[in-house]
Amino acid sequence: MVKSAIILAGGKGERLRPLTDKVPKPMIDILGRPLVEYQVLWLKDQGITHIVFSCGYKSEVIKEYFKDGSKFGLQIDYAIEDEPLGRGGAFKNALKFLPEGVDLVYGSNGDEVIAEPLAPFVQFHQKNNALATILLQRLVSPFGIVEIEDSGKVTAFREKPELPHWINAGVYIFNRSCIEMFPDVGDHETEVFPKLTKEGRLFGYKPTGFRGTVNTIKEMNELIKQLPEHFPQELLS
């Protein structure tokens with residue numbers, strides 16, 4: 001089972017300003033808690049014992065809030081970037097805080113909120129002998145859809161439906177050897193994932209539960225509406 005996690009938490013969140021003028025994006029307030037705290041609470045509930053935050057912008061805000069992790073029943077370390085390393089470089093830089101014996105690693109962006117069992121995701125990764133497995137998300141149309149017949153006759157309207165395509169949700173299960181392949185500076189998805197695809201060692205996992213994210217004010221407001229329904233309230237007590 002996965003016991004270690006790396007969370008990329010250095011985002012400036014420029015599309016969320018002025019909310020991110022004084023805090024990094026993962027620390028914006030969502031219903032009285034930092035956004036990333038929901039992920040931390042979920043990870044602990046799913047058996048994670050050690051989290052490494054990869055930090056850059058306003059890293060002191062994250063460190064002051066989470067400290068060493070003891071108040072959450074976790075070990076928390078901080079991999080601070082003096083200069084931006086890119087997502088792949090950030091994961092690789094954080095790897096030095098994980099003991100050599102740690103093989104499987106949960107990795108994600110700090111703006112994710114997930115509410116579903118982690119174990120099936122990990123089991124899928126292991127069953128397929130993957131080096132990396134991506135949590136997928138169904139693509140939702142940003143617009144309403146008009147359905148028509150060949151004649152042009154309108155038969156229905158569908159408000160922002162799910163489309164028959166999958167996108168990368170920015171959440172992963174990695175083998176340690178995969179992260180070691182990442183560039184020191186750069187992006188893992190452009191520099192390593194194409195190679196893994198050719199080798200048949202990259203897989204995508206279709207989730208069964210809730211996943212929300214915050215990149216814009218609109219997404220933040222949607223998450224605020226959805227959280228009470230989907231996120232387990234017992235984790236917040």
Side-chain angles (χ1 to χ4, degrees), residues 2 4-17 19-21 23-28 34-36 39-40 43 48 50-63 66 76-98 100 102-114 121 125 130-137 139 166-199 201-205 211-216 219:
V2 174
S4 301
I6 298 173
I7 299 178
L8 305 187
K12 293 182 178 180
E14 294 179 350
R15 286 181 287 175
L16 292 167
R17 286 180 172 169
L19 299 178
T20 52
D21 284 345
V23 301
K25 182 168 70 167
M27 294 299 290
I28 62 171
L35 171 61
V36 74
Q39 187 171 182
V40 168
L43 286 171
I48 295 293
H50 184 195
I51 294 174
V52 181
F53 281 115
S54 176
C55 305
Y57 175 69
K58 303 290 185 184
S59 61
E60 67 278 4
V61 178
I62 302 175
K63 293 181 70 174
F66 289 100
I76 294 181
D77 290 302
Y78 303 87
I80 309 298
E81 297 181 15
D82 296 325
E83 298 180 358
L85 300 177
R87 293 182 303 163
F91 277 125
K92 189 173 185 179
N93 183 53
L95 192 63
K96 63 191 177 190
F97 288 91
L98 301 182
E100 287 293 332
V102 171
D103 183 44
L104 289 181
V105 181
Y106 168 95
S108 77
N109 297 318
D111 55 8
E112 305 293 335
V113 176
I114 301 170
F121 185 17
H125 173 86
L131 284 179
T133 300
I134 304 167
L135 184 73
L136 302 176
Q137 181 73 19
L139 179 63
W166 296 90
I167 60 175
N168 182 348
V171 177
Y172 317 89
I173 299 297
F174 294 124
N175 282 27
R176 185 188 194 96
S177 60
C178 179
I179 300 177
E180 290 171 345
M181 296 166 59
F182 289 178
D184 293 333
V185 179
D187 190 89
H188 57 294
E189 292 181 7
T190 58
E191 299 194 31
V192 175
F193 278 9
K195 179 176 183 292
L196 297 184
T197 300
K198 291 181 180 179
E199 295 175 353
R201 304 296 299 276
L202 180 66
F203 285 78
Y205 176 75
R211 178 258 178 185
T213 190
V214 176
N215 291 300
T216 64
E219 287 183 345

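Values reported hereafter were calculated over all heavy atoms of this structure, with side chains retained and with hydrogens, waters and symmetry mates removed.
The two atoms that bring Glu219 and Thr213 nearest to each other are CB-O, 3.7 Å, heavy atoms only. In terms of heavy atoms, Val185 sits closest to Pro84 at CG1-O, 4.3 Å. Shortest non-hydrogen contact noted between Glu81 and Leu85 is OE1-N, 3.0 Å. Closest non-hydrogen pair, Glu191 versus Pro183, comes out as OE1-CB, 3.4 Å. Pro24 and Val61 get closest at one heavy-atom pair: CD-CB, 3.9 Å. Taking each heavy atom of Val2 and Leu104 in turn, the nearest pair found is CG2-CB, 3.8 Å.
Note that the CG atom of Leu98 and the CD1 atom of Ile6 stand 5.0 Å from one another [nearest 0.5 Å]. Atoms CZ and CG, from Phe203 and Leu196 in turn, are 10.5 Å apart once rounded to the nearest 0.5 Å. Going from atom CG of Leu135 over to atom OG of Ser108 covers 10.0 Å, rounded to the nearest 0.5 Å. Rounded to the nearest 0.5 angstrom, Cys178 SG and Leu95 CG are separated by 10.5 Å. Taking NE2 from His125 and OG1 from Thr133, the interatomic distance works out to 5.0 Å, rounded to the nearest 0.5 Å. Rounding to the nearest 0.5 angstrom, the gap separating the CD1 atom in Ile7 from the OG atom in Ser54 is 10.5 Å.
Other residues, nucleotides and ligands contribute more than 12 heavy atoms inside 6.0 Å of the CD atom of Glu199.
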Problem set entry | Asn215 vs Lys25, side chain to side chain contact (heavy atoms under 4.5 Å, CB included): CA-CA, chis, key distance, verdict | CA-CA 9 Å; Asn215 291 300; Lys25 182 168 70 167; 3.0 Å; yes

For this session: Check the pair Phe193, Ile134 against side chain to side chain contact (heavy atoms under 4.5 Å, CB included), reporting the backbone distance first and the verdict last.
Result: CA-CA 10 Å; Phe193 278 9; Ile134 304 167; 3.9 Å; yes

For this session: Please test Asp103 against Asn175 for side chain to side chain contact (heavy atoms under 4.5 Å, CB included), starting from the C-alpha separation and ending with a verdict.
Result: CA-CA 6 Å; Asp103 183 44; Asn175 282 27; 4.2 Å; yes

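At distances below 3.5 Å, at least one donor-acceptor pair connects side-chain atoms of Gln39 with backbone N or O atoms of Asn109. The main-chain N or O of Ser4 is never found under 3.5 Å from a side-chain atom of His50 such that the two would form a donor-acceptor pair.
Looking at residues two or more places apart in sequence or on another chain, you find a ring-ring contact (aromatic ring centres under 6.0 Å, His included) between Phe174 and Phe91, Tyr172, Phe182. In terms of the ring-ring contact (aromatic ring centres under 6.0 Å, His included) criterion, Phe97 has no residue partners (sequence neighbours excluded). Applying the salt bridge (charged side-chain N to carboxylate O under 4.0 Å, His left out) criterion to Glu180, with sequence neighbours excluded, gives Arg176.
A 4.5 Å side-chain heavy-atom check between Val36 and Ile62 finds every atom pair outside the cut-off. Side-chain contact between Val192 and Leu202 is absent, with no heavy atoms from C-beta onward closer than 4.5 Å. Side-chain contact between Val171 and Arg211 is absent, with no heavy atoms from C-beta onward closer than 4.5 Å. Between Leu35 and Pro26, every side-chain heavy-atom pair lies at or beyond the 4.5 Å cut-off.
Classified by interplanar angle (parallel below 30°, tilted 30° to 60°, perpendicular above 60°), the ring pair Phe66/Phe53 is tilted.
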